[in-house]
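To keep things clear, I will list the structure first and then write my remarks on it.
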2 protein chains.
Amino acid sequence: MMAADTPRRILDAAADEFAERGLAGARVDRIAERAGANKQRIYAYFTSKDQLFDAVIEDRIEQLLDAVPFDAADLPGYAVRILDFNLAHPSLVRLLLWHNLERPAVLARLPQSVESHARKVAALRAARGDDDWAADRLLAQVLGLVHGVTLAPGPDLDRTRADLHRAVSRLVG
Amino acid sequence: MMAADTPRRILDAAADEFAERGLAGARVDRIAERAGANKQRIYAYFTSKDQLFDAVIEDRIEQLLDAVPFDAADLPGYAVRILDFNLAHPSLVRLLLWHNLERPAVLARLPQSVESHARKVAALRAARGDDDWAADRLLAQVLGLVHGVTLAPGPDLDRTRADLHRAVSRLVG
DNA sequence: GGTCACCAACTAACCAGTTGGTTGTCGTCG
DNA sequence: CGACGACAACCAACTGGTTAGTTGGTGACC
């Protein structure tokens with residue numbers, strides 16, 4: 001009856017539900033309802049709640065990694081762009097936090113994630129002459145900074161952005 | 001029968017259980033078992049699972065806020081000491097992450113947390129001549145940095161510490 | 001006698017995952 | 001052409017295990 005994109009609708013609905021409540025707090029019936037789909041379709045396509053959760057992450061991880069192209073030559077600008085992305089997609093941030101807590105080490109084994117990280121480290125090495133370690137550290141620091149600012153953005157967004165830009169500039173000094 | 005510290009044992013057991021599984025994933029029976037106590041004692045002292053969770057946070061928040069005394073004159077050292085504390089108490093970090101996701105805005109209303117933050121901002125203003133906004137930003141940035149490093153510490157802890165120290169030094173530059 | 005504690009069983013709801021029965025839409029083959 | 005099987009989808013009810021919260025009955029200690 002419904003157009004043939006049922007798996008797509010299920011993934012979207014599940015992403016919302018999981019972002020709000022996490023894996024343990026999510027309810028499969030609620031996901032089915034939100035998707036305007038049937039519960040058995042969920043199990044037909046994704047076999048279990050846990051696997052559905054992983055499938056949602058795998059579906060969204062690409063958005064997360066590629067939505068903001070990495071720019072080793074302009075880390076401050078990169079940081080600000082990630083901040084803007086995070087603020088525009090708060091549910092993606094929550095989804096990642098949940099996943100990190102409830103499915104530890106699953107993300108670290110996702111090839112897309114590993115490769116993306118490796119590419120960034122390599123780009124940093126090429127652009128700055130750092131060794132692997134230093135590039136890895138710098139990346140973790142920048143992302144941590146962005147994360148901290150994401151969780152507590154001030155009331156004046158422009159100034160928040162400017163302050164973040166300046167902070168990263170100092171880091172890369 | 002048991003020594004009269006039953007509420008204490010319940011709080012400790014609950015802290016472990018909640019740190020591992022979160023609010024939705026925790027099981028009250030498991031907490032009772034871990035505490036070597038009886039389930040009704042939990043409800044006698046804490047009335048509900050949710051309130052028990054909040055009580056755990058309120059119990060541990062002091063540890064979190066005061067275990068590492070704030071030093072506005074030595075932010076790099078402060079950051080490193082927080083990192084060490086986080087690495088020594090990973091379950092406290094998880095507890096905070098869970099709470100942030102599952103009980104949003106509860107922490108922001110805890111007077112202890114609010115006052116501690118205000119005190120830090122005031123100390124930063126006094127020590128550096130910043131305005132409220134700048135002090136608030138700087139604090140968020142430093143804590144974000146520490147958090148990022150906490151989640152992805154390199155294999156060489158000493159170097160991780162040194163790199164964090166240098167990073168914060170540049171921030172406060 | 002009141003408080004703290006134990007044990008054990010209970011309830012009432014909830015929830016992941018299943019099953020059976022039905023409809024509509026294809027493409028295929030007789 | 002038509003009917004037949006395969007498939008996607010729906011609804012609804014069910015199973016079996018789990019779980020927050022309760023109750024009743026017992027002992028110990030102050």
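Letters A, B, ... are given to chains in the order of the sequence lines, protein chains preceding strands, and every chain is numbered from 1.
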Nearest whole Å is fine: how far is D:dA20 C1' from B:Leu23 CG? 12 Å
Output the rounded distance in Å from CD1 (A:Ile42) to C1' (D:dA8). 15 Å
What is the nucleic acid contact for A:Ala44, judged by heavy atoms within less than 4.0 Å: base, sugar-phosphate only, or nothing? nothing
Can you tell me how far P of C:dC4 sits from CZ of B:Arg8, to the nearest Å? 17 Å
Can you tell which of D:dC11, C:dC6, D:dT19 lies closest to the side chain of B:Asp29? D:dT19
Please tell me which of B:Tyr43 and B:Asn38 maps to the more 5' nucleotide of DNA chain D, matching each residue to the nucleotide holding its nearest heavy atom. B:Tyr43
Name the residue closer to the 5' end of DNA chain C, choosing between A:Lys49 and B:Lys39 according to the nucleotide with the nearest heavy atom. B:Lys39
Kindly point out which of C:dA5, D:dC10, C:dC7 is positioned nearest to the side chain of B:Thr6? C:dA5
In whole Å, I'd like the distance from the CD1 atom of B:Ile31 to the P atom of D:dG21. 11 Å
May I ask you to say what B:Ala26 touches in the nucleic acid, namely base, sugar-phosphate or nothing, with a heavy-atom cut-off under 4.0 Å? sugar-phosphate
Ring-face cation contact, B:Tyr45 with B:Arg41, 6.0 Å cut, 45° max: yes
What is the distance, to the nearest angstrom, from the CZ atom on A:Arg21 to the C1' atom on C:dC14? 14 Å
As a test of understanding, state which of A:Val142, A:Leu87, A:Val146 forms a side chain to side chain contact (heavy atoms under 4.5 Å, CB included) with A:Ile82. A:Val146
Can you tell me if B:Ser48 touches the phosphate of D:dA20, counting only side-chain N or O atoms and a distance under 4.0 Å to OP1 or OP2? no
Check the phosphate of D:dA20 against B:Arg27, side-chain N and O only, distance under 4.0 Å to OP1 or OP2. Yes or no? yes
Residues 94-104 of chain A vs salt bridge (Lys or Arg N to Asp or Glu O under 4.0 Å), sequence neighbours excluded, gives A:Asp50-A:Arg103, A:Asp54-A:Arg103
A:Arg41 CZ to C:dA16 P, in whole Å, measures 19 Å
With rounding to the nearest 0.5 angstrom, report the CH2 to CG distance, B:Trp133 to A:Asp163. 6.5 Å
So, is B:Tyr45 near the phosphate of C:dA5, with a side-chain N or O under 4.0 Å from OP1 or OP2? yes
Has the side chain of B:Gln40 got a donor or acceptor atom sitting under 3.5 Å from an opposite partner on the base of D:dT22? no
Salt bridge check: are A:Lys120 and A:Asp132 linked by an N-O gap of less than 4.0 Å? no
